[in-house]
Amino acid sequence: MTHIAMSVPEDALTDAFRGDVLDFYGTHFGWTEIDSLRLPDRMTLAVGGGTYVNIRGRAEPMTCSGYEHFGLRLASSEEVEAAWAALDDDGRDVNLEPLDRGEDGYRSFRFRYLLPLTVEVQFFPER
């Protein structure tokens with residue numbers, strides 16, 4: 001997969017919103033905006049490895065019922081544990097779900113903040 005796209009209300013992509021998204025996702029996951037793709041109705045975030053998140057302002061933005069999400073794979077169970085702990089300590093109103101731990105090193109949790117889609121952070125051990 002190369003990217004995920006989602007829509008927000010057409011007036012949502014203000015400088016303040018963009019700053020909040022970059023502050024949060026940049027701090028916790030290293031995401032940065034691809035400035036050459038920036039438009040008044042588009043924010044594109046580089047998430048690493050040629051993958052990006054595209055956010056578009058639309059008159060009829062997407063609606064999510066709770067299950068819609070995308071996965072973010074981290075390199076180790078320790079990285080997932082550290083990400084969960086950092087989000088838990090963040091102080092912002094992050095909808096953070098409990099951390100799921102498998103005996104084989106599998107780790108997973110979900111959170112939702114600012115974006116319409118939930119993010120599932122995961123590590124899968126070698127099989």
Quick one: do [X] and [Y] make a salt bridge, cutoff under 4.0 Å?
X: Arg101; Y: Glu81; value: yes
X: Asp15; Y: Arg38; value: yes
X: Arg58; Y: Asp41; value: yes

Would you say the side chain of [Y] lies within less than 4.5 Å of the side chain of [X], judging by non-hydrogen atoms?
X: Leu115; Y: Tyr25; result: yes
X: Arg92; Y: Phe24; result: yes
X: Val21; Y: Met43; result: yes
X: Asn95; Y: Tyr113; result: no
X: Asp20; Y: Arg18; result: no

Practice task
Among Thr51, Leu22, Ile34, find the one that has a side-chain contact (heavy atoms from CB on, under 4.5 Å) with Leu45.
Solution key: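 When Thr51, Leu22, Ile34 are each tested with Leu45, the side-chain contact (heavy atoms from CB on, under 4.5 Å) holds only for Leu22.
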
Any donor and acceptor pair, going by atom type alone, linking the side chain of [X] with main-chain N or O of [Y] inside 3.5 Å?
X: Arg107; Y: Gly102; result: yes
X: Thr27; Y: Asp23; result: yes
X: Trp84; Y: Arg110; result: no

Practice task
Determine whether more than 12 heavy atoms belonging to other residues, nucleotides or ligands lie under 6.0 Å from atom CZ of Arg73.
Solution key: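 Counting neighbours around CZ of Arg73, 12 or fewer heavy atoms of other residues, nucleotides or ligands fall under 6.0 Å, so no.
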
Handout entry: Atom CG of Asp93 with >12 non-hydrogen neighbours under 6.0 angstrom
Key =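 No, not enclosed.
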
Closest contact, heavy atoms only, [X] versus [Y]:
X: Arg42; Y: Leu37; answer: NE-O, 2.6 Å
X: Phe109; Y: Leu96; answer: CD1-CD1, 3.6 Å
X: Ala83; Y: Leu74; answer: CB-CD1, 4.1 Å

Practice task
Test Cys64 against Thr118 for side-chain contact (heavy atoms from CB on, under 4.5 Å), laying out the working first.
Solution key: CA-CA 9 Å; Cys64 298; Thr118 295; over 6 Å; no

Just distance, no hydrogens or angles: give the donor-acceptor pairs under 3.5 Å from side chains in residues 3-13, sequence neighbours left out.
from: His3; atom 1: ND1; to: Tyr52; atom 2: OH; distance (Å): 3.3
from: Ser7; atom 1: OG; to: Met62; atom 2: N; distance (Å): 2.7

Exercise for the section: Nearest 0.5 Å please: distance from the CG atom of Leu87 over to the CG atom of Leu99. Expected result: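 With rounding to 0.5 Å, CG (Leu87) is 11.0 Å from CG (Leu99).
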
Practice task
Could you check Phe111 against Phe29 for ring pair (Phe, Tyr, Trp, His ring centres under 6.0 Å), going step by step and ending with a plain yes or no?
Solution key: CA-CA 13 Å; Phe111 75 93; Phe29 300 104; 5.8 Å; yes

Exercise for the section: Answer with yes or no whether the side chains of Ser108 and Glu120 bring together a donor and an acceptor at under 3.5 Å. Expected result: yes

Handout entry: ring pair (Phe, Tyr, Trp, His ring centres under 6.0 Å) contacts in which one or both residues fall within residues 88-108, not counting sequence neighbours
Key = Tyr106-Phe124

